[in-house]
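These notes are about the structure you will find just below.
Hydrogens, waters and symmetry mates play no part in the numbers below; they use all other heavy atoms, side chains included. Owing to the predicted nature of the structure, the values given are computational and were not obtained by experimental measurement. Start at 1 and go down the list; that is how both ligands and their atoms are numbered. The residues of the chain are indexed from 1 along the displayed sequence.
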Amino acid sequence: MNQALDELNPAPRLLMGPGPINADPRVLRAMSAPLLGQFDPQFRAYMRQASDLYRGVFQTANRSTLVVDGTARSAIEAALVSLIEPGDRVLVPVFGRFGHLKVEIARRCGADVRAIETEWGSVFPNEVLEKEIKKHKPKLVAISHGDTSTTMAQPLADLGRLCREHDSLLYVDATATLGGMDLPVDAWQLDVVSAGLQKCLGGPSGAAPLTLNARAEQRIFRRRHTEQGLRASDAVDGEGPVIRSNYLDLAMIIDYWSDKALNHHTEATSMLYAARECARILLKEGLANAFARHARTSDALTAGLQAMGLALFGDQRHKMANVTGVFVPGGVDGEKVRQALLGYFGIEIGTSFGPLHGKIWRIGAMGYNARPDAVLVTLGALDAVLAGEGFKHSRGAAVDAALAVYRG
Ligand SMILES: Cc1ncc(COP(=O)(O)O)c(C=O)c1O
């Protein structure tokens, strides 16, 4: 029998890795709503509502707030390819895999990249960032807020101001933190910020919210080159070099989202519904409540892991609220544990990359999964699987410790 002809029937899983996580059922329901044409007045209203909702999520008044069609990486690439002109100096502070990703994309954009690195598990002190900005005088600083590869979150409250003082633009990759940790875009003077749905926003991957302010718009619009087949007779191109991607050209994507409604790609209707629903659910809960829920989830999860005798990874003062790194204990095969969690309990936790490969697990509890039941079940399952692997620990202590946090 040809299995490809079988109906899709994925096993139920509890996704407790660094993302994707289980989508909120309301988001999946929104995705099954009937399709509309992209210029249907009702659909244009949904797009405008999505912009408004994401202004709330990003805590910004930025006019250019929209959703890029693609996974989080598409918005990173759209931001960088649209902002960076070949030869521009770009400073990338790297504290994990996703810093390296921005180095790689910036190089492909023809930037003169200055990468600085800190040990995985740490973040950059402000003084170091200031010194490097003064030294390199970059046109753009590109940095992650939370890097899921190390589970660390870079403090960003002062970086926007520093960049302005030195006439640099600041791009922040908030894929892993938006909706789970505070990131007030306007108050922190962040010029361009992007994210994805599949982490704290509680949706599937495939749509990437992005916001940019007037400083960034100025840089991008000087490179506006409208596609030949769509140009009005009076269209005037910007004086800057053409953006080296058509699909990810933010000048054209902004014109598509604006009231000009200038045709670009065919909007991914169902993903727009998903993105709109993610933001609606988050704002209905309230940002402060969502941040508190993620912080409490982190407290419960870390209390449980430590009660089991496991050691947490990285500088805990800078740990992301939504992903926790924990060392695989000596004598235990980390991959075997992950397989048993998946095979017996249907629970997925994350492995790790680069220098941390095989050394830590990454456990995510975010978005729809930042719930007591998800945390308690994961800890209980890990307790049982580790006992089966011969790891000596106090049985039941993990769930008790997490429960004590929830009971306050
Ligand atoms: C900080 C960060 N940036 C970018 C990405 C890439 O996102 P995507 O796989 O949706 O393109 C991830 C995914 O884990 C991430 O954590």
Got a donor-acceptor contact below 3.5 angstrom from the Tyr54 side chain to the Leu66 backbone? no
Check ligand 1 for close polar pairs with the protein: N or O on both sides, less than 3.5 Å.
| from | atom 1 | to | atom 2 | distance (Å) |
| --- | --- | --- | --- | --- |
| ligand 1 | 3 (N) | Asp173 | OD1 | 3.4 |
| ligand 1 | 3 (N) | Asp173 | OD2 | 2.7 |
| ligand 1 | 10 (O) | Ala72 | N | 3.0 |
| ligand 1 | 10 (O) | Gln198 | NE2 | 2.7 |
| ligand 1 | 11 (O) | Thr71 | OG1 | 2.7 |
| ligand 1 | 11 (O) | Ala72 | N | 3.4 |
| ligand 1 | 11 (O) | Arg73 | N | 2.8 |
| ligand 1 | 14 (O) | Lys199 | NZ | 2.6 |
| ligand 1 | 16 (O) | Thr148 | OG1 | 2.6 |

Lys NZ or Arg CZ of Arg371 over Tyr368 ring: under 6.0 Å, within 45°: yes
Where at least one partner belongs to residues 294-310, residue pairs that pass side chain to side chain donor-acceptor pair (under 3.5 Å), sequence neighbours excluded: Ser298-Lys319
Parallel, tilted or perpendicular: which describes the rings of Tyr256 and His265, with under 30° parallel and over 60° perpendicular? tilted
Taking Ser82 for the side chain and Leu248 for the main chain, is one N or O donor matched with an acceptor at less than 3.5 Å? yes
Parallel, tilted or perpendicular, judged at 30° and 60°: which one describes the rings of Tyr273 and Tyr46? perpendicular
